[in-house]
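To start, the structure under review is shown below, and the notes come after it.
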Amino acid sequence: MPREWRQRLSGFAANVWSMSEDKALTGKVALVAGATRGAGRALAVALGEQGATVYATGRTTRTQVSEVGRTTETIEETAELVTAAGGEGIAVPTDHLEQEQVKALIERIDKEQGRLDVLVNDLWGGEHLIQFEQKMWEIELERGLRILELGVKSHIITSYYAMPLLMRTGNALLVEITDGTAEGNEAYRGMFFYDLAKNAPIRMAFNLSHEIKESGGTAVSVTPGFIRSEQMLETFKTTEETWRDSVGKTAPAEFALSESPYLVARGVAELAADPERARWNGQSLYSGQLAKEYGYTDTDGTLPDSWPFFTKLMRGEDAGDPESYRSRP
């Protein structure tokens, strides 16, 4: 039956969750760094639905707001949704650029749980800093460096402190969330600093895949497609129920191939529950690819296979009709 939490999540429609009802992640502990909204929130809830204890971190709480400036989503609400889904959600306000805060977070997880099985680095929050179609030297340097702090440095700090605890289980999963596949990001991403910020997590996962392989760990990068996050829906002046009406109007034509946060969240939950996930070690994966592999669809019953489309588009090739990349299994 559809779950209550999915109905409460902005950007989600009610959908049947078809993973095993025995809650494959019961007893497992996950840290979703950057779980305030969008993919991060969905990832935390999807892991919780499979029984995991999930530490949800971020900078926006019910009493303070990050530079993103959104008060409508908080880490406390994310934690409540995790618990409502069947896991245990624990909200910990954390600025992942502050080393002492991250160190204290990992020490707390170690003290309270004694283990960490899954680390998801979904740290970002730099949309307000993006300036496409400008040369690197035309962009304010502090703006560009802030993008690298939010999208790269925060991931490095988090992994640095978390990896020793994560490795203790002998079957660790590290997921770097980014924008774009390794193949798709061979094309220029339209802004020097944004390009670096979104390519770095792919390489981070690849590098760490070599360093954790001997102990049985798995490291991958995962990207959603054109995701209908809360912020994106607001930007295009639409809702999850009416988003199709916005295509070509308040939203670009490519929005026809958009997907809910559920698609990538379900994929990461499937990875976490997969005893043979080591076959993915070091790879750059995307939401539609995982959906095809594990046999599920988005909330509307369709399967958007977005990155073959966007890869062609970014190469300047004729990608065709976006809808032709959406199947109806």
Side-chain angles (χ1 to χ4, degrees), residues 5 23 25-68 73-125 149-150 152-177 201 204 208 211-212 215 217-219 265 268-269 272:
W5 67 265
K23 294 188 179 295
L25 300 181
T26 297
K28 305 295 185 181
V29 180
L31 165 59
V32 179
T36 312
R37 60 184 63 86
R41 169 171 284 190
L43 286 157
V45 176
L47 292 167
E49 178 143 23
Q50 284 305 297
T53 295
V54 183
Y55 285 78
T57 66
R59 297 174 295 166
T60 297
T61 70
R62 288 178 173 141
T63 59
Q64 64 185 34
V65 183
S66 76
E67 68 195 79
V68 175
E73 304 92 28
T74 68
I75 58 169
E76 292 96 336
E77 184 183 26
T78 297
E80 290 167 0
L81 291 167
V82 170
T83 301
E88 180 183 2
I90 303 171
V92 183
T94 308
D95 183 340
H96 285 261
L97 287 170
E98 297 295 330
Q99 295 184 39
E100 288 304 313
Q101 290 188 33
V102 178
K103 182 181 178 183
L105 166 68
I106 301 305
E107 288 176 347
R108 174 177 171 176
I109 296 173
D110 190 9
K111 181 180 179 180
E112 294 178 352
Q113 310 296 335
R115 63 186 298 144
L116 180 63
D117 300 276
V118 180
L119 169 60
V120 181
N121 270 326
D122 184 51
L123 300 155
W124 174 227
E149 285 183 335
L150 293 169
V152 181
K153 186 178 178 180
S154 63
H155 290 231
I156 294 172
I157 291 172
T158 304
S159 293
Y160 180 85
Y161 286 105
M163 289 306 295
L165 180 57
L166 189 69
M167 296 298 294
R168 192 182 297 172
T169 66
N171 189 29
L173 174 63
L174 166 66
V175 180
E176 285 284 342
I177 302 295
M204 280 190 257
L208 287 171
E211 299 188 2
I212 70 176
S215 68
T218 301
V268 171

Ile212/Met163 under side chain to side chain contact (heavy atoms under 4.5 Å, CB included): CA gap, chis, key distance, verdict: CA-CA 9 Å; Ile212 70 176; Met163 289 306 295; 3.3 Å; yes
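The closest donor-acceptor contact from the side chain of Gln101 to the backbone of Asp95 lies under 3.5 Å. With Lys23 contributing its side chain and Glu49 its backbone, the two residues share a donor-acceptor pair below 3.5 Å. Without hydrogens or angle criteria, Glu76 side chain to Arg62 main chain gives a donor-acceptor distance under 3.5 Å.
The heavy-atom pair separating Ser66 from Arg59 by the smallest distance is CB-CB, 3.6 Å. Ala265 and Ala46 make their closest contact through O-CB, 3.6 Å (heavy atoms, listed as atom of the first residue, atom of the second, distance). Closest non-hydrogen pair, Val118 versus Ala272, comes out as CG2-CB, 4.2 Å. The two residues Arg41 and Thr74 make their nearest non-hydrogen contact at NH2-O, 2.9 Å. Shortest non-hydrogen contact noted between Leu97 and Glu149 is CD2-O, 3.2 Å. For Asp117 against Gly27, the heavy-atom pair with the smallest separation is OD2-O, 4.3 Å.
A search for side chain to side chain donor-acceptor pair (under 3.5 Å) contacts involving Glu98 returns nothing, not counting sequence neighbours. Contacts of Thr158 classified as side chain to side chain donor-acceptor pair (under 3.5 Å), with partners at least two apart in sequence or in another chain: His96.
The distance from the CZ atom of Arg108 to the OH atom of Tyr55 is 6.0 Å, given to the nearest 0.5 Å. Note that the CG atom of Leu150 and the CG atom of Leu123 stand 9.0 Å from one another [nearest 0.5 Å]. Between the CG atom of Leu116 and the OG1 atom of Thr53 there is a distance of 11.0 Å, given to the nearest 0.5 Å. Interatomic distance, NE2 of His155 versus CG of Leu119, reported as 10.0 Å (0.5 Å rounding). Distance CD/Glu67 to OG1/Thr60: 9.5 Å, rounded to 0.5 Å. Between the CZ atom of Arg168 and the CG atom of Leu166 there is a distance of 10.5 Å, given to the nearest 0.5 Å.
Looking at Ile90, Leu31, Thr36, Ile75 one by one, the single match for side-chain contact (heavy atoms from CB on, under 4.5 Å) with Thr57 turns out to be Leu31.
Under the 3.5 Å distance criterion, with hydrogens and angles disregarded, no donor-acceptor pair is assigned to the side chains of Tyr161 and Glu107.
Inter-residue side-chain proximity for Leu174 and Asn121 is flagged as met; some heavy-atom pair is nearer than 4.5 Å. Side-chain atoms of Val92 and Ile109, non-hydrogen and from C-beta on, never get closer than 4.5 Å to each other.
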